[in-house]
Amino acid sequence: MSAIASPVSGRIEPGRILTWLLLFGGGLLMVTPLAFMFATSLKDSSEIYDLAFFPAHPTLENYVTVLSDGRFLRWFANSFGIATAVTLSNVFFDSLVGYTLAKFQFRGRYLVFVAILSTLMIPTEMLVIPWYVMAKNFGWLDSYWGIMFPGMMTAFGTFLMKQFFETVPNDFLEAARVDGLNEFAIFWRIALPLVTPALSALAIFTFLSNWTAFIWPLIVTTSKELYTLPVGLTSYAVEAQVQWELIMTGAALATLPTLTVFLLLQRYIVRGVVLAGLKG
């Protein structure tokens, strides 16, 4: 109550009450589809077209069916492995390039940075054809590497890390050089621990974006064994009939890791967004 009370009179300001109501209403509106998805996953096929929000006869049979399907577990493992590998690659290479651009003076540094940033202005849809041609020429079609290579390093991550590394005092780096550390050791042992909030934000955003990636994995893979979870779930809609209850159940299970990541690391996500906005 004190959070919305006037600091002068101690009374609740109507404007702040309206703001809180609008925020609550907006949050409720955003959560409703997610809640409906979980509720629908508890319905059987006879209730799936019923517009009732809650199932009349809740059942866990859909979860048993999905989890007993070996394909789902394979798709889940594919998504987790690919998202983890791409995240580790982004954290390392984006940090390394950002550190180089922030702390080393060399001819053409500004042009390199501008060239990297310019890729942010190219829509992903325009890059799909060059990616596909490249994957075909190198024999990467229908492979894990073919799914991962476009995201192994990103312009956004490089920009974010460069902005943070510029805040690291040069005196720390010079002291490390005097102590005899080589440049990579200075990057790894001195500079990198000082930008932990940026690393956390980059890792979280990269993992979540790759976990939910759909278009490129759909294009580059043909074997069902290589499907990621979002692509694999579409198979429930193109088989003999559209099995909405299984689609909703699979989507609910796919959402659990992202919800877990958010609940456990939400303070890092918020801090990363705030700091990225300040640095940008």
Side-chain angles (χ1 to χ4, degrees), residues 79-128 130-131 147-174 176 183-217 257-280:
S79 288
F80 183 81
I82 290 170
T84 301
V86 174
T87 299
L88 294 176
S89 174
N90 269 257
V91 168
F92 178 74
F93 288 109
D94 290 354
S95 299
L96 189 60
V97 176
Y99 174 77
T100 302
L101 293 173
K103 294 302 180 182
F104 287 91
Q105 301 293 329
F106 56 89
R107 181 173 297 181
R109 182 184 67 154
Y110 180 75
L111 292 178
V112 171
F113 182 56
V114 171
I116 293 174
L117 285 185
S118 65
T119 61
L120 291 173
M121 296 183 289
I122 304 176
T124 302
E125 292 77 10
M126 293 182 63
L127 297 173
V128 168
W131 287 346
I147 300 174
M148 294 188 296
F149 83 88
M152 299 298 284
M153 179 178 171
T154 63
F156 169 76
T158 301
F159 168 74
L160 178 67
M161 298 311 301
K162 175 184 179 296
Q163 297 302 100
F164 273 86
F165 277 123
E166 287 181 345
T167 65
V168 175
N170 291 327
D171 293 342
F172 292 175
L173 309 184
E174 291 298 332
E183 292 300 332
F184 183 80
I186 294 173
F187 158 74
W188 187 259
R189 297 172 56 183
I190 305 300
L192 207 58
L194 296 176
V195 293
T196 301
L199 286 175
S200 302
L202 178 61
I204 293 168
F205 294 151
T206 303
F207 183 87
L208 293 181
S209 64
N210 282 274
W211 179 265
T212 58
F214 176 77
I215 296 297
W216 177 245
T258 59
L259 290 177
T260 302
V261 169
F262 178 78
L263 292 175
L264 294 178
L265 304 175
Q266 57 181 322
R267 64 190 183 98
Y268 293 105
I269 297 176
V270 174
R271 183 191 303 175
V273 171
V274 172
L275 293 178
L278 293 176
K279 298 300 176 185

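Quick caveat: nothing in here was measured; it's all calculated off a predicted structure. The figures here come from the full heavy-atom set of this structure, side chains too, leaving out hydrogens, waters and symmetry mates.
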Does atom [atom1] of [X] have more than 12 heavy-atom neighbours from other groups under 6.0 Å away?
X      : atom1 : result
Trp188 : CH2   : no
Arg109 : CZ    : yes
Tyr110 : OH    : no
Phe214 : CZ    : yes

Exercise: identify the closest heavy-atom pair between [X] and [Y]:
X      : Y      : result
Gly157 : Leu202 : CA-CD1, 3.6 Å
Ala102 : Lys162 : CB-O, 3.7 Å
Pro130 : Leu127 : CD-O, 3.2 Å
Ile147 : Pro150 : O-CD, 3.6 Å
Thr87  : Ala203 : CG2-O, 3.5 Å
Glu166 : Lys103 : O-NZ, 3.9 Å

Can you say whether the rings of [X] and [Y] are parallel (under 30°), tilted (30 to 60°) or perpendicular (over 60°)?
X      : Y      : answer
Trp216 : Phe149 : perpendicular
Phe159 : Phe113 : parallel
Phe184 : Phe187 : tilted

Find the distance between [atom1] ([X]) and [atom2] ([Y]) and round it off to the nearest 0.5 Å.
X      : Y      : atom1 : atom2 : answer
Ile116 : Met153 : CD1   : CE    : 5.5 Å
Asn210 : Phe80  : CG    : CZ    : 12.5 Å
Met161 : Leu96  : CE    : CG    : 10.5 Å

Just to verify, which of [options] counts as forming a side-chain contact (heavy atoms from CB on, under 4.5 Å) with [X]?
X      : options                        : answer
Thr154 : Leu120, Asp94, Thr119          : Asp94
Leu88  : Asn90, Val86, Thr84            : Thr84
Tyr99  : Ile186, Leu192, Thr158, Val195 : Ile186

Next item on the list: Taking Thr212 for its side chain and Leu208 for its backbone only, find out whether a donor-acceptor pair lies under 3.5 Å.
Entry: yes
Note to self: Run Thr124 and Ile215 through side-chain contact (heavy atoms from CB on, under 4.5 Å) and show every step you take.
What the structure shows: CA-CA 10 Å; Thr124 302; Ile215 296 297; over 6 Å; no
